[in-house]
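The chains referred to below are lettered A, B, ... by the order of the sequence lines, with proteins before strands, and numbering in each begins at 1. Values below: all heavy atoms of this structure, side chains included; hydrogens, waters and symmetry mates excluded.
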2 protein chains.
Amino acid sequence: MKISFNDYISIMIHQTDLTLTSYIKAKLAPLNIAPEQNLILLLLWEKDGLSQNEIAKRLNKDKTNIARMLSNLEKKELISRHINETDGRSFNVYLTEKGIKLGEQVYPITEEFNRTVCSGITSEELQVVNEVLLKMQQNVEMSVK
Amino acid sequence: MKISFNDYISIMIHQTDLTLTSYIKAKLAPLNIAPEQNLILLLLWEKDGLSQNEIAKRLNKDKTNIARMLSNLEKKELISRHINETDGRSFNVYLTEKGIKLGEQVYPITEEFNRTVCSGITSEELQVVNEVLLKMQQNVEMSVK
DNA sequence: CCTTTTTGGTTGCTATAGCAACTAAATATA
DNA sequence: TATATTTAGTTGCTATAGCAACCAAAAAGG
């Protein structure tokens with residue numbers, strides 16, 4: 001019997017991601033930041049001064065996008081880039097005052113988002129989901145090598 | 001204690017989706033179809049003649065993208081659009097011979113992809129993941145209304 | 001029947017997302 | 001130390017993704 005559309009777990013994951021992204025996008029819109037820009041800021045709020053490459057690795061994304069998103073964040077005056085003193089190819093990315101302050105506004109939004117998403121789901125279930133998703137990533141990454 | 005980057009399940013879902021999409025993208029590249037184009041074809045292989053709107057609803061996507069992706073599929077001569085006889089606004093989307101034949105090549109690839117992704121994961125775990133992801137979608141959709 | 005509302009699709013815009021090819025700086029190696 | 005290779009970032013390309021505004025056909029309601 002052929003596997004049908006609804007049987008693919010990857011499609012379920014994809015649809016869920018789109019739904020969640022669309023929701024947080026709307027929540028962040030009043031603050032004039034996009035979801036992926038928010039992810040970069042989230043990293044910087046935890047640890048300032050990362051290089052573009054480090055950000056790309058942490059977000060598991062192509063450095064191309066990171067560079068472009070950082071340009072946008074720079075235009076919005078939320079971050080600034082400074083050439084690394086010991087490596088002339090590399091930039092360190094720092095939050096501006098405005099970028100730091102934005103964090104205080106964003107935090108309650110992402111907090112509430114997380115509560116909404118996880119409502120009615122036990123921590124055991126979340127644990128299973130987390131482990132299974134990690135395993136899936138490892139499965140395809142191993143398959144590539 | 002503040003929630004950190006790695007604690008957000010939505011980020012985990014997003015990263016996993018990117019990893020899986022990137023993998024299937026590479027697998028489908030030799031057949032010259034992109035992952036989302038493949039999703040549309042997957043629907044049509046199951047049921048031919050859907051309208052653009054029906055496709056958008058099944059894929060839970062904006063009709064704008066569907067229209068554009070269908071244009072691409074039309075350029076590749078995999079589908080054709082015919083005006084609905086009883087509703088002059090609507091198009092029915094049909095697979096071409098070429099589109100039907102492509103299905104036979106794609107099926108083993110998506111099958112193997114699914115096996116790779118799910119390897120080492122029990123069906124009970126998959127069941128939990130499926131239910132939790134569905135619940136998360138419902139959580140945010142309820143929150144919007 | 002004629003106006004109003006809804007519905008199916010398109011166009012224009014912005015934001016991801018990643019590949020290929022490139023530049024320039026840093027490192028490794030002959 | 002001169003050459004080769006690797007690394008950090010940019011530019012150009014294609015493909016998603018969804019919002020707003022729009023057009024035209026269909027349906028609803030008076």
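As a whole-Å value, the separation of B/Gln37 CD from D/dT14 P is 13 Å. Between the CD1 atom of B/Ile24 and the P atom of D/dA15 there is a distance of 17 Å, given to the nearest Å. Residue A/Lys63 contributes atom NZ, which lies 18 Å from atom C1' of C/dT16 at whole-angstrom precision. Rounding to whole angstrom units, CG of residue B/Leu20 and C1' of C/dA17 are separated by 15 Å. One atom, CG of A/Asp62, and another, C1' of C/dA21, lie 13 Å apart when rounded to the nearest Å. Summarising the geometry, the separation between CG on A/Asn84 and P on D/dA8 is reported as 11 Å, rounded to the nearest angstrom. Rounded to an integer number of Å, the gap from B/Met69 CE to D/dA15 P is 12 Å. Rounded to an integer number of Å, the gap from CG of A/Asn65 to P of D/dT11 is 14 Å.
Between A/Thr86 and A/Lys61, the residue anchored nearer the 5' end of DNA chain C, judged by the nucleotide with its closest heavy atom, is A/Lys61. Taking the nucleotide of DNA chain C with the nearest heavy atom to each of A/Leu39 and B/Ala67, the more 5' of the two is matched to B/Ala67. Place A/Ser51 and A/Thr19 on DNA chain D by their nearest nucleotides, and A/Ser51 ends up nearer the 5' end.
A donor-acceptor contact under 3.5 Å is formed by the side chain of A/Arg68 with the base of C/dG18.
Regarding contacts with the backbone of C/dG9, every side-chain N or O of B/Thr64 stays at 4.0 angstrom or more from both OP1 and OP2. Within the 4.0 Å cut-off from OP1 or OP2 of D/dA8, not a single side-chain nitrogen or oxygen of A/Arg81 is found. At the phosphate of C/dA17, OP1 or OP2 sits under 4.0 Å from a side-chain N or O atom of B/His14.
For the 3.5 Å distance criterion, the side chains of A/Asn53 and A/Ser51 fail to qualify, holding no donor opposite an acceptor.
Panel note: side chain A/Asn84, backbone A/Ser90; no donor-acceptor pair is recorded below 3.5 Å. In this structure a side-chain-to-backbone donor-acceptor pair under 3.5 Å is present from B/Lys76 to B/Asn32. Panel note: side chain A/Asn114, backbone B/Tyr8; no donor-acceptor pair is recorded below 3.5 Å. Although no hydrogens or angles enter the test, the distance criterion places no donor-acceptor pair under 3.5 Å between the side chain of B/Ser119 and the main chain of B/Arg115.
Contacts of B/Ile66 with the nucleic acid, taken as non-hydrogen atoms under 4.0 Å apart, are absent.
Taking only side-chain atoms of A/Arg89, from C-beta outward, the nucleotide of C/dA25, C/dG18, C/dT16 with the closest atom is C/dA25.
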